[in-house]
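Comments concern the structure below.
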There are 2 protein chains.
Amino acid sequence: MNETVIPKPDYEAALREAGVRITRPRRVILGILSDAGDHPDAMEIFKRAVAIDTGISLSTVYRTMKLLEGIGAIHRHAFEGGPSRFEPAVGEHHDHLIDIDTGDVIEFQSDRIEELQQEIARSLGYDIVHHRLELYGRKRRKR
Amino acid sequence: MNETVIPKPDYEAALREAGVRITRPRRVILGILSDAGDHPDAMEIFKRAVAIDTGISLSTVYRTMKLLEGIGAIHRHAFEGGPSRFEPAVGEHHDHLIDIDTGDVIEFQSDRIEELQQEIARSLGYDIVHHRLELYGRKRRKR
DNA sequence: CTGTGTGCAAACCGTTTGCACTGAT
DNA sequence: ATCAGTGCAAACGGTTTGCACACAG
């Protein structure tokens, strides 16, 4: 019933390639990230990590996130008025719809919007380096 | 040479209507906001305020921003990795293109993108409460 | 054995808040 | 005269960093 089609990234290989050491805390954190179907923040990752290995510190979580972000293995999202939340950098580019009641994050993708953004930036004399499109919404009540 | 077509909001009237007192610090801050053609952050507003009246505190700037935001007179933007920046809530809704080299903010508007956002949210079963579209770019080099 | 990575505590930065005072109404 | 608003300093929450130790290579 849980048919994950999305490829799980091989973080360990990515790290090895980056020439850094594979330590116990890192392995634990990587495992959590591979399993995460959601967009957890650092504290949430820390809690899940401590449940596996009590010795892990929050600093290490932050340091590992920064490391993974640096090598492009994860994306950091600063949704409004909250801590950064992370997600594996796998699959196609997408944007986010955030449920303002639950904090749930739904991913979506629109080629048309991407094109329009390019056109707009172009017409203003800019090249887009990256962008951020977040919809904050509430589940429509059934009637 | 300074032909401002954009209407300047009458903050003082808005505040009076909100039933709050018009104090000296508030008057100074409101003046700064009316004159600001940019999107200053709290510290920047504070500096401009101190240049006019040395007695003003940063707390008051923050409190006044919160107050103005509450009555809908200004908008707060949390552009990436920086402090909140503010702008008068006048004119049509628009989104922002941020120059990643200078921090300059260019406003733009796209009905088409707004429509597409609505469609997307709708198809996911959500009503949009608000959204955030920010393009981070670099000026195209002339060739 | 070397030096990268770690845990811990302290520092950081933007922002908020408790307090006693000041000043708009 | 009242009490909303203020300046100040301390607290806050998320994140980063300096340090001495630990352990992957």
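By convention in this document, chain letters (A, B, ...) are assigned in the order of the sequence lines, proteins followed by strands, and residues within each chain are numbered from 1. Since the model is a prediction, treat every value here as computed from it, not as a measurement.
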For DNA chain D, which nucleotides open and close the run of contacts to chain B, 5' to 3', at under 4.0 angstrom from a non-hydrogen atom?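 The contact span of chain B on DNA chain D goes from dC3(D) to dA9(D).
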Phe79(B): partners by ring-ring contact (aromatic ring centres under 6.0 Å, His included), with sequence neighbours left out: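 Applying ring-ring contact (aromatic ring centres under 6.0 Å, His included) to Phe79(B) gives His77(B), His96(B).
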Tell me, please, which residues at least two apart from [X] pass salt bridge (Lys or Arg N to Asp or Glu O under 4.0 Å).
X	value
Asp111(B)	none
Glu80(A)	none
Arg21(A)	none
Arg63(A)	none

Map Phe86(B) and Val20(B) onto DNA chain C by nearest heavy atom, then report which one ends up closer to the 5' terminus.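 In this pair, the answer is Phe86(B).
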Check ion pair Arg112(B)-Glu115(B) (N to O, under 4.0 angstrom):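 Result for this pair is yes, salt bridge flagged.
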Remember a base hit wins even if backbone is also touched, and classify Gly82(A) as base, sugar-phosphate or nothing at under 4.0 Å, heavy atoms.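 The answer is nothing, as Gly82(A) stays clear of every strand by at least 4.0 Å.
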With Ala49(A) via side chain to side chain contact (heavy atoms under 4.5 Å, CB included) - residues at least two apart: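 Checked Ala49(A) against side chain to side chain contact (heavy atoms under 4.5 Å, CB included); matches are Val28(A), Ile32(A), Ile56(A).
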Taking side chain to side chain contact (heavy atoms under 4.5 Å, CB included) as the definition, give me every residue that meets it alongside Asp127(B), ordered by chain and number, with sequence neighbours left out.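 Only Arg140(A) meet the side chain to side chain contact (heavy atoms under 4.5 Å, CB included) criterion with Asp127(B).
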Just how far, in rounded Å, is [atom2] of [N] from [atom1] of [X]?
X	N	atom1	atom2	result
Glu80(B)	dG14(C)	CD	P	16 Å
Arg85(B)	dC13(C)	CZ	P	19 Å
Arg16(A)	dT4(C)	CZ	C1'	16 Å

Does any residue of residues 57-71 of chain A have a heavy atom under 4.0 Å from DNA chain C, and if so, which ones, in number order?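 Ser57(A), Ser59(A), Thr60(A), Arg63(A), in order of number.
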Run the side-chain contact (heavy atoms from CB on, under 4.5 Å) check on Leu15(A) and Leu30(A) step by step: do they pass? CA-CA 10 Å; Leu15(A) 282 187; Leu30(A) 300 186; 3.7 Å; yes
Strictly below 4.0 Å, heavy-atom distances to any atom of DNA chain D: list the hits from residues 23-30 of chain B, or just say none.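 Those residues are Thr23(B), Pro25(B), Arg26(B).
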Determine which pairs satisfy ring pair (Phe, Tyr, Trp, His ring centres under 6.0 Å) with at least one residue from residues 98-140 of chain A, sequence neighbours left out, and list them in order.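 The answer is His93(A)-His131(A), His130(A)-Tyr136(B), Tyr136(A)-His130(B).
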Restricting to pairs with a member in residues 39-50 of chain A, which pass side chain to side chain donor-acceptor pair (under 3.5 Å), not counting sequence neighbours?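 Qualifying pairs: Asp38(A)-Arg48(A), His39(A)-Glu87(A), His39(A)-Glu107(A), Glu44(A)-Arg48(A).
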